[in-house]
Amino acid sequence: MVEKQRGITIWLTGLSGAGKTTICQFLETELRSQDYKLEVLDGDVIRQNLSKGLTFSKEDRDENIRRIGFVAHLLTRNNVIVIVAAISPYRAVREEVKAKIGDFIEVYINAPLEVCEQRDIKGLYKKARAGEIKNFTGIDDIYEVPLTPDVECKTNQETIAQSASKILNKLEELRYIQPFTSPQLQNHHSPVG
Ligand code: ADP
């Protein structure tokens, strides 16, 4: 049982298909198994409710991130661990929410565009290439790579468990979580990269 938990926002940013949702789900399972209170804010889900009606213009994308940041801040200051999985392509607004929340790590979920496009989990790259979707990040809209992420996961070179371990190790190092071992995390104390 976790005695006194400190809140933090773990912000996963990266291209569509890079692995944000997958890593988020893995982290969620691991942290819940240790009784941490947590909430997940997934970009796709948020766009169906809190940010319903927003477009993919720069202005609306920034608005979307500010809304997610606002909720993440409320939860974080109430000692919840928040995992955000959102493309969040623009550096300036990422920096803005980081400064506001304070207890925050930026995690760059990095896979080359070619790999994301090959995975094409949701079939969106195909549609973007065919011109059926406009302003698609990586195709006809920019993704501004994090310059100094707290953690970088190279998902085309690491297993899901290795990527998640890097994040858990960082949380441990910063004293947001206590060390723990799990059958899923054989590499937990020997991170790659
Ligand atoms: P996103 O949420 O960033 O759009 P998804 O998590 O939906 O991306 O898809 C990522 C895909 O990449 C999944 O099919 C996942 O199994 C695969 N994958 C392979 N290696 C990794 C890794 N190390 N971390 C995360 N995903 C990985």
Side-chain angles (χ1 to χ4, degrees), residues 5-46 65 68-69 72 75-76 80-91 94-95 97-98 101 103-122 124-125 137-138 143-193:
Q5 180 180 321
R6 290 172 70 198
I8 182 168
T9 292
I10 305 159
W11 193 287
L12 311 180
T13 171
L15 294 173
S16 176
K20 300 179 295 300
T21 301
T22 305
I23 291 173
C24 179
Q25 286 167 350
F26 193 100
L27 289 175
E28 182 179 8
T29 304
E30 289 299 319
L31 290 167
R32 281 202 199 285
S33 77
Q34 302 296 312
D35 289 334
Y36 286 98
K37 263 188 305 175
L38 70 87
E39 193 54 77
V40 168
L41 302 176
D42 182 280
D44 290 340
V45 178
I46 295 281
I65 296 309
I68 296 173
L75 292 164
T76 300
V80 176
I81 296 177
V82 184
I83 313 173
V84 174
I87 298 172
S88 33
Y90 300 119
R91 195 174 290 136
R94 288 198 307 262
E95 296 295 324
V97 295
K98 176 173 186 160
I101 297 173
D103 292 290
F104 184 105
I105 56 169
E106 182 180 56
V107 181
Y108 178 25
I109 306 298
N110 183 6
L113 176 64
E114 308 79 70
V115 172
C116 296
E117 196 165 354
Q118 214 166 24
R119 289 177 180 161
D120 210 6
I121 312 293
K122 301 168 204 153
L124 296 176
Y125 284 98
T137 302
Y143 177 78
E144 295 176 348
V145 169
L147 299 177
T148 53
D150 299 289
V151 181
E152 179 174 355
C153 300
K154 296 184 178 175
T155 66
N156 63 323
Q157 297 172 16
E158 301 162 9
T159 66
I160 296 165
Q162 282 172 330
S163 294
S165 288
K166 284 181 163 182
I167 301 168
L168 292 169
N169 284 339
K170 177 58 76 175
L171 294 178
E172 231 178 85
E173 184 190 315
L174 297 173
R175 303 278 184 273
Y176 286 99
I177 61 169
Q178 286 157 15
F180 69 91
T181 49
S182 144
Q184 305 292 332
L185 294 169
Q186 294 93 342
N187 299 307
H188 188 40
H189 287 282
S190 52
V192 293

Backbone N/O of T13 and side chain of S88: donor-acceptor pair under 3.5 Å: no
A86 versus G43, closest heavy-atom pair with distance: CB-CA, 4.3 Å
Exercise: identify the closest heavy-atom pair between L124 and S16: CD1-OG, 4.5 Å
I105/Y176 under side chain to side chain contact (heavy atoms under 4.5 Å, CB included): CA gap, chis, key distance, verdict: CA-CA 11 Å; I105 56 169; Y176 286 99; 5.8 Å; no
Minimum side-chain heavy-atom gap V145-N110 below 4.5 Å: no
L31 vs L168 side-chain heavy atoms within contact, under 4.5 Å: yes
Carboxylate-amine/guanidinium proximity below 4.0 Å for R94 and E144: no
Between T9 and T76: side-chain donor-acceptor atoms closer than 3.5 Å: yes
Distance (rounded to the nearest 0.5 Å) between E106 CD and L147 CG: 8.5 Å
Residue pair C153 / I23: nearest heavy atoms and the distance that separates them: CB-CD1, 4.4 Å
Nearest heavy atoms of S163 and E158, plus distance in Å: OG-OE1, 2.7 Å
Within 6.0 angstrom of Q157 CD, more than 12 heavy atoms from elsewhere: yes
Those residues that, when tested against T137, pass side-chain contact (heavy atoms from CB on, under 4.5 Å) (two or more places apart): L15, R61, I87, P89, Y143
Heavy-atom side-chain proximity of I177 to Q34 below 4.5 angstrom: no
Rounded distance (nearest 0.5 Å) linking atom OG1 of T148 with atom OH of Y108: 13.0 Å
Closest approach of G14 to K20 (non-hydrogen atoms, all atoms of both residues): O-NZ, 3.0 Å
L12/I167 under side chain to side chain contact (heavy atoms under 4.5 Å, CB included): CA gap, chis, key distance, verdict: CA-CA 10 Å; L12 311 180; I167 301 168; 4.1 Å; yes
I121 side chain near T21 side chain, heavy-atom distance below 4.5 Å: no
Side-chain (D42) to main-chain (I46) donor-acceptor, under 3.5 angstrom: no
Short N-O contact, K98 and E95, less than 4.0 angstrom: no
From I109 atom CD1 to W11 atom CH2, the distance as rounded to the nearest 0.5 Å: 13.5 Å
CG on L174 to CG on N169, rounded to 0.5 Å: 11.0 Å
Set of residues satisfying salt bridge (charged side-chain N to carboxylate O under 4.0 Å, His left out) with respect to D44, sequence neighbours excluded: K122
Interatomic spacing from CD in E30 to OH in Y36 - rounded to 0.5 Å: 11.5 Å
Heavy-atom pair with the smallest gap, counting every atom of L27 and A164: CD2-O, 3.8 Å
Pairing residues for R32 by the side-chain contact (heavy atoms from CB on, under 4.5 Å) criterion, not counting sequence neighbours: E28, L38
Rounded distance [0.5 Å steps], CD1 in I83 versus CG in L75: 12.0 Å
